[in-house]
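The next block holds one structure in the form of structure tokens; read it before the comments.
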Amino acid sequence: MLPGFMTKAIDILLAREGRSLHTRTAGWATVVLVVTMLLGSWAVVVAEHGAPDANLTTYPRALWWSAETATTVGYGDFYPRTLWGRIIACVVMGVGITTYGMVTAALATWFVSRESTRRHHLAEAVDRTAHHVCEETTQVLHERFDRMEHLLAEAGGRSKG
């Protein structure tokens, strides 16, 4: 069941049809982040293996550390002690910060786009209404002028006769 779910989730995230560039980019960044967290967790366990006072000695702990690091929460309960562990931490942090920034930008773009579309439709409706009112006003004015011309013509005919 899980591989089917993962396949569907990746298809949705990376779908090319009907998705905007920022949405696809955020989807790819999310996939890169997940892969970085999984590989970074494994790599930090390998890097920390045998280090004195190492606390990232198991993959589950390293996964938790990777999630903390990618989100920049950093509770401080787990942290790398070795140089290579810290380099891996920098990579996980950089990818995490970049990904969350891209997802936030994609979400903001979506909201701005929806508001822009709403305002565009509203402006079109106002234009249609104004055009309709203008046509009605023009029609009423033409009818009044026609009546006035008719009245003037009748009054002119009476005064001559």
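At least one donor-acceptor pair under 3.5 Å links the side chain of Tyr59 to the backbone N or O of Leu38. Of the possible donor and acceptor atoms, one in the side chain of Thr69 sits under 3.5 Å from a partner among the backbone N and O of Trp65.
Cluster membership for Val73 and Tyr79, using ILVMFWY side-chain heavy atoms within less than 4.5 angstrom, is not shared. Under a hydrophobic-cluster definition in which Ile, Leu, Val, Met, Phe, Trp and Tyr are linked whenever side-chain heavy atoms come within less than 4.5 Å, directly or via other members, Val34 and Leu63 are assigned to the same cluster. No continuous path of ILVMFWY side-chain contacts below 4.5 Å connects Met93 to Ile88, so the two sit in separate hydrophobic clusters. Residues Met37 and Val95 share a single hydrophobic cluster, defined by chaining ILVMFWY side chains whose heavy atoms lie under 4.5 Å apart. Put simply, Val92 and Tyr75 are part of the same group of oily side chains (I, L, V, M, F, W, Y) that touch within less than 4.5 Å, one to the next.
Checked against side chain to side chain donor-acceptor pair (under 3.5 Å), Arg118 has the following partners two or more places apart in sequence or in another chain: Glu115. With sequence neighbours excluded, the residues that form a side-chain contact (heavy atoms from CB on, under 4.5 Å) with Thr72 are Ile97. Asp53 pairs by the side-chain contact (heavy atoms from CB on, under 4.5 Å) definition with Arg81, not counting sequence neighbours.
Listed by first and then second residue, the side-chain hydrogen bond (donor to acceptor under 3.5 Å, both in side chains) pairs involving residues 97-111 amount to none (not counting sequence neighbours). Applying the salt bridge (charged side-chain N to carboxylate O under 4.0 Å, His left out) test to residues at least two apart or on different chains, none of the pairs has a partner in residues 136-147. Listed by first then second residue, pairs satisfying side-chain hydrogen bond (donor to acceptor under 3.5 Å, both in side chains) with a partner in residues 36-51 read Glu48-Thr82, not counting sequence neighbours.
Closest of all the heavy-atom pairs between Val45 and Ala62 is CG2-CB, 3.5 Å. Taking both residues in full, the closest heavy atoms of Phe78 and Glu68 are given as O-OE1, 4.2 Å, listed atom of the first, atom of the second, then distance. Between Ala70 and Leu33, the shortest heavy-atom contact is CB-CD1, 3.9 Å.
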